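Structure first, then comments.
In each ligand, atom 1 is the first atom listed, and ligand 1 is the first ligand listed. Since the structure is predicted, the reported quantities are computational estimates derived from the model, not experimental observations.
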Amino acid sequence: MLIKKNPNGLDRPFASEITPREVYEERRKFIARIAAGAAAGSALWEMANREAFAQGVSTQGAPVQKLAAKANPGFSTTEPQTSLRDATHYNNFYEFGLDKTDPAENAHTLRTRPWTVAIEGEVKKPLRLDIDSLTKLAPLEERIYRLRCVEGWSMVIPWVGYSLSNLIRAVEPTGNAKYVEFTTLADRAQMPGLRSGVLDWPYVEGLRMDEAMHPLALLTVGMYGQVLPNQNGAPVRVVVPWKYGFKSPKSIVRIRFLREQPKTAWNVSAPREYGFYSNVNPKVDHPRWSQATERRIGEDGFFKRKRDTLMFNGYNEVASLYAGMDLKRFF
Ligand code: MTE
């Protein structure tokens, strides 16, 4: 997510807007040389850490738990997966800082146990579930989904979870439930990023009921065969693969069913830039940049051509949810 205003109220320009061309081209050549050298090192990192992860040690050295999950090829892309290193060290989780590497560095302070999620609002059977009961509510599946960020990068990640619809059915929404709101943890003692005024905390996201009920919407408790690392939204997040990544709230503590459309964090902070729907849509540009292409993290190389972004991130099966809607207006 790119922020329009920093806490001082100043716009944050792109590097290309402030650096003369000859300087940044020289800099790119320099970085490319360093990157070539680093590639050998990062391959070693990847091997060591995939192995450690498989043995139950997290990328931060803390123990992690394996999660048995059945592969769901019907809901998975066969595209090459992003490395564990990139997926866990290039993150947006503003509660732990604004730079991509901040969450990996800072999220060790997040305490993910005990953890309870309250499911309430327009439901017949409100529930408070601890993380173990939530994890066991339905059989876990591994689904390899693309994640496309509004900033123009994408990844392919093997997530572990189950369709959110399982949880929704368990609480029996009333006829008044039109939207689902997700509220995530906001605890200053654990989350240094809350001191910044970038967003009105807590981070809140929302979906329309039919979107939330779509089988692709994944209640996610793991990735790469393990429980979620803290920086990726432990212990529970949602992944909605046809929407920009910011519609995938991390570290959820409350799920509420509402009559009215919820006020979502990015929409409140910059309504002209981030709409409620936020479907991946190459035809609707962000006001400050194009959404037509994307950079796949890990395969970029400095001069590699970007990929074309696909409508609904390639998940055409959700198109019927938006039949008859003007997606320029409801962006
Ligand atoms: N959830 C919370 N609570 N806080 C955040 O800052 N960032 C969002 C989303 N969920 C965010 C969040 C954004 S902008 C993206 S792109 C994805 O998380 C990134 O998920 P990843 O780090 O696992 O790739």
Side-chain angles (χ1 to χ4, degrees), residues 1-4 58-59 81-107 110 112 115 117 144-161 181-188 190-207 217-224 226-255 264-270 273-275 278 280 286 291 294-298 309 313:
M1 180 66 62
L2 292 174
I3 314 161
K4 188 164 185 196
S58 80
T59 53
Q81 291 173 24
T82 300
S83 71
L84 172 66
R85 166 87 201 178
D86 284 339
T88 55
H89 287 74
Y90 190 91
N91 301 107
N92 280 332
F93 198 168
Y94 279 1
E95 290 85 334
F96 294 101
L98 304 187
D99 287 335
K100 295 285 179 277
T101 50
D102 285 346
E105 220 164 275
N106 300 330
L110 177 66
T112 57
W115 191 279
V117 181
I144 305 162
Y145 280 171
R146 290 179 288 273
L147 183 87
R148 164 57 158 96
C149 179
V150 74
E151 293 164 343
W153 51 265
S154 62
M155 298 196 196
V156 173
I157 295 179
W159 302 105
V160 175
E181 174 198 66
F182 305 91
T183 304
T184 77
L185 184 73
D187 179 359
R188 278 177 169 246
Q190 300 178 55
M191 299 172 139
L194 294 189
R195 275 177 242 130
S196 99
V198 154
L199 289 173
D200 280 344
W201 310 107
Y203 191 101
V204 173
E205 257 311 333
L207 295 171
L218 191 71
L219 192 79
T220 306
V221 291
M223 61 196 282
Y224 298 85
Q226 303 287 340
V227 294
L228 283 172
N230 287 357
Q231 64 265 40
N232 293 89
V236 58
R237 71 181 293 181
V238 164
V239 177
V240 193
W242 69 95
K243 291 181 183 269
Y244 292 117
F246 68 92
K247 298 294 285 185
S248 298
K250 295 175 165 180
S251 305
I252 295 168
V253 290
R254 184 175 72 177
I255 300 177
T264 57
W266 280 107
N267 185 232
V268 167
S269 125
E273 307 200 8
Y274 308 110
S278 303
V280 175
H286 182 278
Q291 292 291 17
E294 68 199 53
R295 190 168 63 91
R296 180 64 52 85
I297 297 294
T309 286
N313 207 14

Which segment of [X] sits under 4.0 Å of ligand 1 when only heavy atoms are counted:
X	value
Met155	neither
Asn92	both
Leu147	side chain

Does ligand 1 come near enough to [X] that some N or O of the ligand is less than 3.5 Å from an N or O of the residue?
X	answer
Trp159	no
Tyr94	yes
Lys250	yes
Gln231	no
Asn91	yes

Can you sort out which atoms of ligand 1 are near [X], meaning under 4.0 Å from one of its heavy atoms?
X	answer
Gly245	8 (C), 9 (C), 13 (C), 15 (C), 16 (S), 17 (C), 18 (O)
Thr184	3 (N)
Phe93	2 (C), 3 (N), 4 (N), 5 (C), 6 (O)
Ser248	9 (C), 10 (N), 12 (C), 18 (O)

Gly233 heavy atom under 4.0 Å from ligand 1: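 Under 4.0 Å: no for Gly233.
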
Are Glu151 and ligand 1 in contact, using a heavy-atom cut-off of under 4.0 Å?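 Per 4.0 Å heavy-atom rule, Glu151 does not contact ligand 1.
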
Classify the ring geometry of Tyr274 against His286: parallel below 30°, tilted from 30° to 60°, perpendicular beyond 60°.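 Geometry flag for His286 against Tyr274: tilted rings.
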
Ignoring hydrogens, just give me the one of Tyr244, Tyr203, Phe182 whose non-hydrogen atom is nearest atom 11 (C) of ligand 1. Tyr203

I'd like to check [X] versus [Y] (side-chain heavy atoms, cut-off strictly below 4.5 Å). Are they in contact?
X	Y	value
Glu95	Leu185	no
Lys243	Val280	no
Gln81	Tyr224	yes
Phe93	Ser251	yes
Tyr90	Thr82	no

Nearest 0.5 Å, please: how far is CG in Asn91 from CZ in Phe96?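 The distance works out to 11.0 Å.
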
Output yes when a side-chain donor or acceptor of Asp86 lies under 3.5 Å from a complementary backbone atom of Ser83, and no otherwise.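 Absent.
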
Under the ring-ring contact (aromatic ring centres under 6.0 Å, His included) test, which residues partner Tyr244, sequence neighbours left out? none

Considering only NZ, NE, NH1 and NH2 on the basic side and carboxylate oxygens on the acidic side, decide whether Glu294 and Arg146 come within less than 4.0 Å.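 A salt bridge is absent here (no side-chain N lies under 4.0 Å from a carboxylate O).
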
